[in-house]
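Just so you know, these numbers use all the heavy atoms, side chains as well, and skip hydrogens, waters and symmetry mates.
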Amino acid sequence: QVQLVESGGGLVQPGGSLRLSCVASGFTFSSYTMRWYRQAPGKERELVAVITSYDRSTNYADSVKGRFTISRDNAKNTVYLQMNSLKPEDTAVYYCNVYQNGAMRWGQGTQVTVSS
């Protein structure tokens, strides 16, 4: 019954910006820590950003710190990833994630391509 639906990916030039969204349903969204992962071709899936449920504290991978911002709107059951100053190395499929009821729950992913 858990569903995560990402959107907002696309093609952008180096230095540009994108805002990803993930709409959640099937669980009490406000009670859960939410995460963004990404996976580039031929590479392992890596954790990009985390936002907690209660105080909305955040953590970021070193590679995106200062450029990406994770946020959430509990009234809309939505978690966001604002991506600025994008680099070709940011090219990947981006996934929304939550650990809920004993399992990792994943969205379908949204493609981000950074290219001139």
So, using side chain to side chain contact (heavy atoms under 4.5 Å, CB included) as the criterion, who are the partners of Ser57 when residues are at least two apart? Thr52, Asp55

Short question: side chain of Thr110, backbone of Gly9 - any donor-acceptor pair under 3.5 Å? yes

Can you check whether Tyr99's main-chain N or O pairs, donor with acceptor, with Arg105's side chain at less than 3.5 Å? no

Single-linkage hydrophobic cluster, 4.5 Å side-chain cutoff, [X] and [Y] together:
| X | Y | result |
| --- | --- | --- |
| Leu47 | Met104 | yes |
| Val79 | Val98 | yes |
| Val93 | Tyr37 | yes |

Is there a side chain to side chain contact (heavy atoms under 4.5 Å, CB included) between Val112 and Leu18 once you walk through the steps? CA-CA 9 Å; Val112 172; Leu18 285 173; 3.9 Å; yes

Nearest heavy-atom contact between Ser30 and Ser53 is O-CB, 3.3 Å

Nearest 0.5 angstrom please: [X] [atom1] to [Y] [atom2], how far?
| X | Y | atom1 | atom2 | result |
| --- | --- | --- | --- | --- |
| Glu89 | Lys43 | CD | NZ | 8.0 Å |
| Leu86 | Ser115 | CG | OG | 12.0 Å |
| Glu6 | Asn97 | CD | CG | 9.5 Å |
| Gln39 | Gln111 | CD | CD | 11.0 Å |
| Arg45 | Tyr94 | CZ | OH | 13.0 Å |
| Ser25 | Leu4 | OG | CG | 7.5 Å |

Go through Met34 and Cys96 one step at a time and tell me if the side chain to side chain contact (heavy atoms under 4.5 Å, CB included) criterion holds. CA-CA 8 Å; Met34 300 298 297; Cys96 184; 3.7 Å; yes

Could you check whether any side-chain heavy atom of [X] comes within less than 4.5 Å of a side-chain heavy atom of [Y], counting everything from C-beta outward?
| X | Y | answer |
| --- | --- | --- |
| Leu81 | Arg19 | no |
| Pro88 | Asp90 | no |
| Val50 | Thr58 | no |

Determine whether the side chains of Ser17 and Asn84 contain a donor N or O and an acceptor N or O closer than 3.5 Å. yes

List in chain and number order the residues that pass ring pair (Phe, Tyr, Trp, His ring centres under 6.0 Å) with Phe27, two or more places apart in sequence or in another chain; answer none if no residue qualifies. Tyr32

Output, in order, the C-alpha distance, side-chain angles, deciding distance and verdict of side chain to side chain contact (heavy atoms under 4.5 Å, CB included) for Ile70 and Tyr60. CA-CA 9 Å; Ile70 188 171; Tyr60 300 92; 3.5 Å; yes

Just wondering, more than 12 heavy atoms not from Lys65 lying within 6.0 Å of its NZ? yes

Can the ring centres of Phe68 and Trp36 be said to be less than 6.0 Å apart? no

Taking the six-membered ring of Tyr95, is the NZ or CZ of Arg38 close enough (under 6.0 Å from the centre) and on axis enough (within 45°)? no

Among Gln82, Lys76, Met83, which residue satisfies the side-chain contact (heavy atoms from CB on, under 4.5 Å) criterion with Tyr80? Lys76

Side chain to side chain contact (heavy atoms under 4.5 Å, CB included) for Thr78 and Arg72? Distances and angles first, verdict last. CA-CA 6 Å; Thr78 302; Arg72 66 193 297 158; over 6 Å; no

